[in-house]
Amino acid sequence: MLKKSPLALLLTMASFNSFAVDNTLAAECGSVTIADMNLGSATLVANIDAFILEYGYNCEVDIVPGNSTITATSMIEKNTPDIAPEFWTNQIRATLAKGGEEGRIVVAGDLLSDGAISGFWVPKYMVEKDPSLATLAGIKANAKLFKHPEDPSRSAFMACPAGWTCQISTTNLFNAMDLADYGFDLVDPGSGAGLAGSMAKAYENKDAWFGYYWSPTAIMDKYDMVRVDFGTGFNRDEFENCTIVEDCENPKVTDYPAAPVQTIVTTDFSKREPAVMQYLGKRSFTNDEMNQQLAWIDEEQADGDYAAENFLLNNKAKWSQWVPKDVAKKIETALADL
């Protein structure tokens, strides 16, 4: 039961540090719509933003459902919602770039200061036993360790679920690495829950596991995983023009880059609410900080309201750096009334 309670350069980004933040600006805040992108971290931040804007800046806040494609299109074509707290901007680069070039959206700030991390992973206990398993060469040499769940004669690479954006990159890299030649099958887990479940089951049983995953996520805080070194480094041209392109004919191996995870707002909103823009420009988390929050949410089965309240009640030292002192006092008063 749920408990209640390098794209920035492509977009036209104003410098919001020059805005003077005072009580007058905060008091003038009007109606604000915030997109909940239906992802744990995005839901958490949408609710944190809603609480801070409502009680700290006197905004009338409405959280609306969304996802990357629908929300970006709506912001560009319909000028709503005002704020999308979490965009993995590499995954929808062309749409966001178009909106930026047309002057309809801007980047308000980096939600994750160190970006999101994607890659192929193995459990740490395997690497402690055999350090070579932290490398692609070691994985290939020990392919038989990674038993296929339905065919023990084959090896399993747990891929990104069908229909997800990352399915394209995992398929292209699987082919580029010639993993099939080493006995691997690319296994579709069926869903995000299926992928996470396969990792959790392997970890709890101390079995072998090799597959795609990303951070920040609750499971990456819960389990110690090691990112496999492909031995190639990151090739931007290859990644952007082939790895993330469906049915690329001749993919080559390249590492995943740290992916920008940014807050996008409509240009109209950026001009209308300078005080809020300064807040959004300062509001950010590291990967580790977000993993910890998501692990708590998963353990408590908390919904967005409850998760935001927990964060705000227990992390004043962090969030108070995002807002002026007078705004922080208003937020503290509201928290005291919970």
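We count residues from 1, following the sequence as given. We use all heavy atoms of the structure for the numbers below, so side chains are in, but hydrogens, waters and symmetry mates are not.
- Remark: K318 is positioned above the aromatic ring of F285, its terminal NZ or CZ atom under 6.0 angstrom from the ring centre and at most 45 degrees off the axis.
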Next on the checklist: Let's go through M225 and I219 carefully: what are the C-alpha distance in whole Å and the side-chain angles of both, what is the deciding distance for side chain to side chain contact (heavy atoms under 4.5 Å, CB included) to 0.1 Å, and is it a yes or a no?
Outcome noted: CA-CA 10 Å; M225 303 295 290; I219 199 169; over 6 Å; no
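- Residues T266 and M75 share a closest heavy-atom pair of N-CE, 3.7 Å.
- The heavy-atom pair separating G192 from Y213 by the smallest distance is O-OH, 4.5 Å.
- Applying the ring pair (Phe, Tyr, Trp, His ring centres under 6.0 Å) test to residues at least two apart or on different chains, the pairs with a partner in residues 36-55 are F51-Y55.
- With values rounded to the nearest 0.5 angstrom, L179 atom CG is found 6.5 Å from L136 atom CG.
- For K222, the NZ atom sits in a loose shell: 12 or fewer heavy atoms of surrounding residues, nucleotides or ligands are nearer than 6.0 Å.
- Listed by chain and number, the residues in a side chain to side chain donor-acceptor pair (under 3.5 Å) with K201 amount to none (sequence neighbours excluded).
- At a threshold of 4.5 Å between non-hydrogen side-chain atoms, the residues W319 and I331 count as touching.
- Rounded to the nearest 0.5 Å, atoms CG (D110) and CZ (R283) are 10.0 Å apart.
- Remark: side-chain polar atoms of Q278 are not paired, donor with acceptor, to backbone N or O of P274 under 3.5 angstrom.
- Looking only at side-chain heavy atoms (C-beta outward), F311 and W296 stay at 4.5 Å or farther from each other.
- With 3.5 Å as the limit, one finds no donor-acceptor pair spanning the side chains of T135 and D229.
- A donor atom on one side chain and an acceptor atom on the other are found under 3.5 Å apart for S132 and D130.
- In this model, a donor atom of one side chain and an acceptor atom of the other lie less than 3.5 Å apart for E204 and Y223.
- Nearest heavy-atom pair across C29 and V276 is SG-CG2, 4.4 Å.
- Residue Y203 qualifies as enclosed at atom OH: its count of foreign heavy atoms under 6.0 Å is above 12.
- Hydrophobic clustering (side-chain heavy atoms under 4.5 Å, transitive across Ile, Leu, Val, Met, Phe, Trp, Tyr) keeps V64 apart from F269.
- Residues I52 and L312 have side chains in contact (heavy-atom distance under 4.5 Å, counting atoms from C-beta outward).
- Interatomic distance, CG of L112 versus CD1 of I117, reported as 9.0 Å (0.5 Å rounding).
- Under the side-chain hydrogen bond (donor to acceptor under 3.5 Å, both in side chains) criterion, the residue pairs touching residues 185-198 are R154-D185, S198-W209, with sequence neighbours excluded.
- The heavy-atom pair separating K147 from K144 by the smallest distance is CE-O, 3.3 Å.
- In this structure the side chain of M126 reaches within 4.5 angstrom of the side chain of L145, judged on heavy atoms.
- Clustering ILVMFWY residues whenever any of their side-chain heavy atoms sit less than 4.5 angstrom apart, transitively, puts V245 in a cluster other than the one holding W88.
- A donor-acceptor pair under 3.5 Å is formed between the side chain of T267 and the backbone N or O of G103.
- For E60, the side chain to side chain contact (heavy atoms under 4.5 Å, CB included) partners two or more places apart in sequence, or in a different chain, are S31.
- Within 6.0 Å of NZ in K206 there are more than 12 heavy atoms belonging to other residues, nucleotides or ligands.
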Item to check | ring-ring contact (aromatic ring centres under 6.0 Å, His included) evaluation trace for F174 with F184 | outcome: CA-CA 9 Å; F174 180 90; F184 281 97; 7.2 Å; no
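- Between I76 and G99, the closest heavy-atom pair is CD1-CA, 3.7 Å.
- Checked options E299, Q292, E289, M290; the residue passing with D221 is Q292 (criterion: side-chain contact (heavy atoms from CB on, under 4.5 Å)).
- Side-chain N or O atoms of D303 include one that pairs as donor or acceptor with a backbone N or O of Y306 at under 3.5 Å.
- No side-chain donor-acceptor contact under 3.5 Å links S74 to the backbone of I70.
- The same ILVMFWY cluster, assembled from side-chain heavy atoms under 4.5 Å apart, contains both L335 and I48.
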Checklist entry - Does the side chain to side chain contact (heavy atoms under 4.5 Å, CB included) test come out yes or no for T95 and T69, once each step is laid out? => result CA-CA 8 Å; T95 300; T69 302; over 6 Å; no
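- With 3.5 Å as the limit, one finds a donor-acceptor pair spanning the side chains of S215 and N287.
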Item to check | Residues K330, T333; criterion side chain to side chain contact (heavy atoms under 4.5 Å, CB included); working and verdict | outcome: CA-CA 5 Å; K330 293 178 183 179; T333 299; 5.7 Å; no
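- With values rounded to the nearest 0.5 angstrom, I34 atom CD1 is found 12.5 Å from T71 atom OG1.
- Between D237 and N241, the shortest heavy-atom contact is OD1-ND2, 2.7 Å.
- By the 4.5 Å heavy-atom criterion applied to side chains, S68 and M37 are counted as neighbours.
- The hydrophobic cluster containing V253 does not contain I168, counting ILVMFWY residues as joined when their side-chain heavy atoms lie under 4.5 angstrom apart, directly or transitively.
- Note that OG1 of T33 and CG of D62 are 7.0 Å apart. Values are rounded to the nearest 0.5 Å.
- Residues passing the salt bridge (Lys or Arg N to Asp or Glu O under 4.0 Å) test with D255, sequence neighbours excluded: R227.
- Side-chain heavy atoms closer than 4.5 Å link hydrophobic residues (I, L, V, M, F, W, Y) into clusters, and following such links, possibly through other members, connects F234 to Y256.
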Next on the checklist: Could you walk me through whether V107 and F87 satisfy the side chain to side chain contact (heavy atoms under 4.5 Å, CB included) test, starting with their C-alpha distance in whole Å, then the side-chain angles of each, then the deciding distance to 0.1 Å, before giving a yes or no?
Outcome noted: CA-CA 10 Å; V107 176; F87 260 117; over 6 Å; no
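- D82 pairs by the salt bridge (Lys or Arg N to Asp or Glu O under 4.0 Å) definition with R272, not counting sequence neighbours.
- Side-chain atoms of I139 and Y182, non-hydrogen and from C-beta on, never get closer than 4.5 Å to each other.
- Under the 4.5 Å side-chain criterion, counting only non-hydrogen atoms from C-beta, Q167 is not in contact with P161.
- With F157 as reference, F120 is the one residue of F146, F120, W121 to meet the ring pair (Phe, Tyr, Trp, His ring centres under 6.0 Å) rule.
- In this structure, the separation between NZ on K316 and CD on E332 is 3.0 Å, given to the nearest 0.5 Å.
- Remark: the E238 side chain and the T254 side chain contain no N/O donor-acceptor pair separated by less than 3.5 Å.
- With hydrogens and angles disregarded, no donor-acceptor distance shorter than 3.5 Å links the side chain of N175 to the backbone of P251.
- Side chains of L294 and S41 form a contact here, defined as non-hydrogen atoms less than 4.5 Å apart.
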